Amino acid sequence: MKYLKIILILCFLTIHQVVGQEKELSKDQRLAWFKDAKLGIFIHWGIYAVNGIDESWSFHNGYISYDDYMKQLDGFTATNYNPEYWAELIKESGAKYTVITTKHHDGVALWDTKYSDLNVVDKTPAKRDVLTSFVKAARSEGLKVGLYYSLLDWSHPDYPNFLRDKKRYTDDAKRWAKFTKFNFGQIEELTKFNPDLYWFDGDWEQSAETWKAKEIRDLLLEKTPTTIINSRLQGYGDYATPEQGIPITKPDSKYWELCMTMNNSWGYQPNDTNYKSVNQIIRILVDCISMGGNLLLDIGPKPDGIIPQEQIDILKGLGRWTNKHKSAIYGTRAGIPFGHFNGYTALSKDKTILYLYVDNKPNGPLLIKGLKNKVNRAWVVGNGTKLKTNVVGKLYWSDVPGLLYIDVPEDVQDQDVTVIAMQLDGEVDLYREKGQVIESN
Ligand code: FHN
């Protein structure tokens with residue numbers, strides 16, 4: 001009888017183990033949507049919009065006193081806050097996901113956290129949780145939802161760092177333990193929004209051990225098993241997050257996302273009118289796509305919830321291009337190496353369609369070198385015009401491909417970036433040698 005009991009327990013444990021393992025998704029499975037998404041909209045919204053100054057850094061760097069910075073709490077009204085309109089606008093831009101700041105380094109939470117009264121419900125005229133309604137609105141637009149959370153909190157009495165030149169303490173394990181308990185408490189509260197993505201920030205101030213980064217990761221994957229985590233968890237994240245500066249060479253990480261401002265500010269700063277043009281932003285998106293990455297483009301709403309007109313115009317302008325060129329954006333993969341085409345390229349997921357992105361008015365036919373494949377068909381994406389391809393200089397006995405030319409009539413070109421698609425006779429196959437000497441003819 002005793003042995004039967006042991007056998008039954010062992011069977012139960014094994015089944016539990018197997019079921020447990022089945023439930024755990026692989027990294028590739030969890031990040032599949034992210035790899036196909038290509039475009040997301042970042043939202044930096046907080047009290048820093050009231051004076052239109054740098055988020056959190058302005059008091060940390062001493063540009064303004066902490067007390068004066070916190071006086072902005074009184075100006076965060078959200079009176080014209082319309083989360084449904086935000087979600088609609090983000091959807092119209094062609095973004096597949098959105099990431100909103102739930103709490104920046106200044107510690108002001110945008111939801112009704114029970115771990116601190118430093119939140120917009122208790123401390124601002126908004127007097128309400130502005131996060132829940134946005135998450136709901138974004139989901140109803142079919143957008144994936146990411147939650148930005150700053151691990152560091154320069155306002156918390158038990159957090160060691162305060163101002164650039166003023167610490168609260170250096171080595172006090174008891175206080176740090178209290179802060180860690182607070183941090184885990186707020187992070188656990190955020191799991192209740194069942195986010196598709198956690199966008200951590202501020203991890204640079206402590207080590208992985210000090211943050212308990214592994215425990216944070218385990219908690220998130222336990223509570224939200226399908227979620228993904230950005231890199232800023234001291235090495236316990238899933239994908240790389242270059243910021244502002246566009247990578248020149250393809251990042252090593254299979255999964256990556258460039259986050260970037262529309263002007264030079266993350267939050268709303270009326271004095272910062274240095275906006276990039278729609279054309280520049282489309283070409284930056286194409287640059288990311290050609291290297292197999294995503295663009296997370298930032299907006300900074302005003303304290304009443306209105307999105308500045310310049311940012312609305314950019315989202316709508318981006319939407320015109322993304323809506324017209326869907327097939328050459330979502331689900332594509334990194335393009336062919338430089339040297340074959342004087343411009344950006346991308347490939348379809350099965351690598352049988354090669355996309356060429358032309359961000360200028362060509363003076364002659366486009367040239368593709370070293371393409372071994374036969375091109376079965378070429379067309380203008382979003383326009384449908386079929387294009388003739390013409391190969392010159394192909395010697396029948398040589399395996400060096402000829403020069404492939406494609407004429408793109410002016411009237412089918414896009415005002416920003418024209419996209420040419422080429423259906424190949426199979427997976428892309430490139431000649432990448434140094435040419436050869438002709439020994440016979
Ligand atoms: O310090 C923050 C900054 O304020 C902003 O939030 C950006 C967005 O990625 N992240 C940090 C700087 O790396």
Side-chain angles (χ1 to χ4, degrees), residues 34 39-64 66 69-70 72 76 90 95 97-110 131 134 145-156 159-164 183 186-187 190 195 197-206 211 213 228-235 237-247 251 253 255-269 271-272 274 276 281 284-285 288 293-301 303 311:
F34 181 81
L39 177 63
I41 299 297
F42 213 170
I43 304 171
H44 273 70
W45 196 29
I47 67 169
Y48 37 86
V50 175
N51 294 9
I53 58 178
D54 276 356
E55 63 287 357
S56 310
W57 290 96
S58 42
F59 75 77
H60 184 71
N61 293 341
Y63 307 161
I64 182 176
Y66 180 75
Y69 179 95
M70 282 302 167
Q72 295 179 99
F76 190 84
I90 291 167
Y97 65 107
T98 182
V99 178
I100 185 169
T101 52
T102 66
K103 189 186 83 165
H104 203 264
H105 313 328
D106 58 16
V108 181
L110 265 61
L131 186 58
F134 177 70
V145 173
L147 298 183
Y148 167 110
Y149 179 81
S150 171
L151 290 168
L152 70 85
D153 185 331
W154 291 322
S155 288
H156 195 281
Y159 187 74
N161 303 345
F162 175 36
L163 306 179
R164 186 173 287 281
N183 231 6
Q186 287 200 321
I187 292 171
L190 292 179
L197 185 162
Y198 292 88
W199 214 98
F200 288 108
D201 205 3
D203 67 336
W204 57 82
E205 289 206 340
Q206 314 294 339
W211 287 124
I228 69 176
I229 305 166
N230 78 335
S231 64
R232 304 187 185 189
L233 190 56
Q234 282 291 347
D238 293 317
Y239 72 88
T241 54
E243 177 167 321
Q244 298 286 46
I246 298 185
S253 171
Y255 303 98
W256 63 276
E257 167 202 76
L258 170 73
C259 60
M260 189 183 76
T261 54
M262 285 183 175
N263 50 13
N264 297 333
S265 309
W266 293 103
Y268 172 63
Q269 297 200 30
N271 298 339
D272 180 354
N274 188 21
K276 300 169 182 73
I281 290 171
I284 292 165
L285 172 60
C288 292
N294 292 5
L295 173 65
L296 184 65
L297 181 65
D298 181 72
I299 61 173
Q311 301 180 12

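All values reported here derive from a predicted model rather than from experimental measurement. For ligands, and for the atoms within them, numbers begin at 1 and follow the listed sequence.
A search for side-chain hydrogen bond (donor to acceptor under 3.5 Å, both in side chains) contacts involving T101 returns nothing, not counting sequence neighbours. Taking the salt bridge (charged side-chain N to carboxylate O under 4.0 Å, His left out) definition, one finds that E205 meets it with nothing, sequence neighbours left out. With sequence neighbours excluded, no residue satisfies salt bridge (charged side-chain N to carboxylate O under 4.0 Å, His left out) with D54.
Ring pair W57/Y69: centre-to-centre distance not below 6.0 Å. Taking the six-membered ring where the residue is Trp, the centroids of F34 and Y239 are separated by under 6.0 Å. Aromatic pair W204/H105: centroids less than 6.0 angstrom apart.
Contacts of ligand 1 (protein heavy-atom distance under 4.0 Å) are F42, H44, E55, W57, H104, H105, Y148, W199, D201, W204, R232, E243, C259, W266.
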